[in-house]
Amino acid sequence: MKTLGFNFTKNDFRYCGLSDESEPPLILEKGKIILPDYSISDLMEWFESELALIIDRVQPNIISHKISIHLSTISQIQQSCYPQAILNLIAKKKGIEINSFSSQAINATRFGQPRKTDVYKYIDSIIGVQKPYWDNATKDAVLVAWFNLLK
């Protein structure tokens, strides 16, 4: 099975495709995409194209994304909430199941680890450091994709 995870952050988004063909899961593809300086309508069209291209390339069985819940500006909403809606619509049109995970849901207890375990350090110990762009924003995309494989 292949899964694809997304994390939309200010000025960019991260994604990661995983396969359950090995243990731990194999990273098929990951990336950081910088947002262009477009008008809102052009940016939404750009999101639709970019997200569809990634989905077509990875061909996931299931998709997930991190929900941003601490948004305070219109630009944060436009760069996070709007593309999440576009992602959900693309998944619907392609017949791909999609899940959402909040920040609170991204924790090590999903891996059977104690509640206070730093999930970001924990995945480093399992799959290693996967440069470039191996920061918490990218790890969130990896984790939400990985959660789909833990079902």
(request) Working to the nearest 0.5 Å, report the span between OG1 of Thr3 and CG of Asn61. (result) 8.0 Å
(request) Just jot down the side-chain hydrogen bond (donor to acceptor under 3.5 Å, both in side chains) partners of Ser75, sequence neighbours excluded, or say none. (result) Thr73
(request) Could you please spell out the steps behind the side-chain contact (heavy atoms from CB on, under 4.5 Å) verdict for Leu87 and Ile55? (result) CA-CA 10 Å; Leu87 179 64; Ile55 292 166; 3.9 Å; yes
(request) Work out which heavy atom in Ile127 is nearest to a heavy atom in Pro25; give both atom names and the distance. (result) CG2-O, 4.3 Å
(request) Working to the nearest 0.5 Å, report the span between CG of Leu43 and CG of Leu35. (result) 6.0 Å
(message) Could you check whether any side-chain heavy atom of Glu97 comes within less than 4.5 Å of a side-chain heavy atom of Pro60, counting everything from C-beta outward?
(response) no
(message) Please enumerate all residues that pass side-chain contact (heavy atoms from CB on, under 4.5 Å) together with Lys10, with sequence neighbours excluded.
(response) Gln79
(request) Tell me, please, which residues at least two apart from Phe111 pass ring pair (Phe, Tyr, Trp, His ring centres under 6.0 Å). (result) Tyr122, Trp146, Phe147
(request) Sequence neighbours left out, what passes salt bridge (Lys or Arg N to Asp or Glu O under 4.0 Å) with Asp20? Give chain and number order. (result) none
(request) Grab the two heavy atoms, one from Met44 and one from Ile86, that are nearest each other, plus how far apart they are. (result) O-CD1, 3.6 Å
(request) List for me each residue that meets side-chain contact (heavy atoms from CB on, under 4.5 Å) alongside Pro114, sequence neighbours excluded, and say none if there are none. (result) Thr117
(request) Quick one: list whatever passes side-chain contact (heavy atoms from CB on, under 4.5 Å) with Asp12, sequence neighbours left out. (result) Thr9, Arg14, Lys32, Ile34
(request) Report the residues that fulfil salt bridge (Lys or Arg N to Asp or Glu O under 4.0 Å) with Asp118, sequence neighbours left out, ordered by chain and then residue number. (result) none
(request) Report the residues that fulfil side-chain hydrogen bond (donor to acceptor under 3.5 Å, both in side chains) with Thr109, sequence neighbours left out, ordered by chain and then residue number. (result) Asn107
(message) Could you tell me if the side chain of Cys16 sits less than 4.5 Å from the side chain of Ile27, heavy atoms only?
(response) yes
(message) By the salt bridge (charged side-chain N to carboxylate O under 4.0 Å, His left out) test, which pairs, at least two apart or in different chains, include something from residues 42-68?
(response) Glu29-Arg57, Asp56-Lys94, Lys66-Asp140
(request) Over all heavy atoms of both residues, which pair between Gln78 and Phe47 is shortest? Give the atoms and the distance, please. (result) O-CE1, 4.4 Å
(request) State plainly whether one hydrophobic cluster holds both Ile126 and Leu150, where clusters connect Ile, Leu, Val, Met, Phe, Trp and Tyr through side-chain heavy atoms under 4.5 angstrom apart. (result) yes
(message) How long is the straight-line distance from CD1 of Ile123 back to CD of Gln113, given to the nearest 0.5 Å?
(response) 12.5 Å
(message) Could you check whether any side-chain N or O of Lys30 sits under 3.5 Å from a backbone N or O of Leu18, counting only pairs where one atom can act as donor and the other as acceptor?
(response) no
(request) Mind checking the CD1-CD1 spacing from Ile74 to Ile40? Nearest 0.5 Å is all I need. (result) 8.0 Å
(request) Locate the shortest heavy-atom distance separating Asn99 from Asn148; write the atom from each residue and the value. (result) ND2-OD1, 2.8 Å
(message) Is there a continuous path of hydrophobic side-chain contacts, each under 4.5 Å between heavy atoms, that joins Leu89 to Ile62?
(response) no
(request) Find the distance between CD1 (Ile33) and OH (Tyr133) and round it off to the nearest 0.5 Å. (result) 8.5 Å
(message) Less than 4.5 Å apart, side chain to side chain, heavy atoms only: is that true for Ile63 and Tyr15?
(response) no
(request) Give a yes or no on whether the backbone of Val144 and the side-chain of Ser64 come within a donor-acceptor separation of less than 3.5 Å. (result) yes
(request) Would you please name every residue forming a side-chain hydrogen bond (donor to acceptor under 3.5 Å, both in side chains) with Gln84, sequence neighbours left out? (result) His65, Ser80
(request) Supply the atom-to-atom distance Leu143 CG to Tyr120 OH, rounded to the nearest 0.5 angstrom. (result) 6.5 Å
(request) Quick one: sort the Phe13 and Trp46 rings into parallel, tilted or perpendicular, breaks at 30° and 60°. (result) perpendicular
(message) Tell me every residue that passes side-chain hydrogen bond (donor to acceptor under 3.5 Å, both in side chains) with Gln104, counting only those two or more places apart in sequence or in another chain.
(response) Ser102
(request) Please list all pairs passing the salt bridge (charged side-chain N to carboxylate O under 4.0 Å, His left out) test where one or both residues lie in residues 125-134, with sequence neighbours left out. (result) none
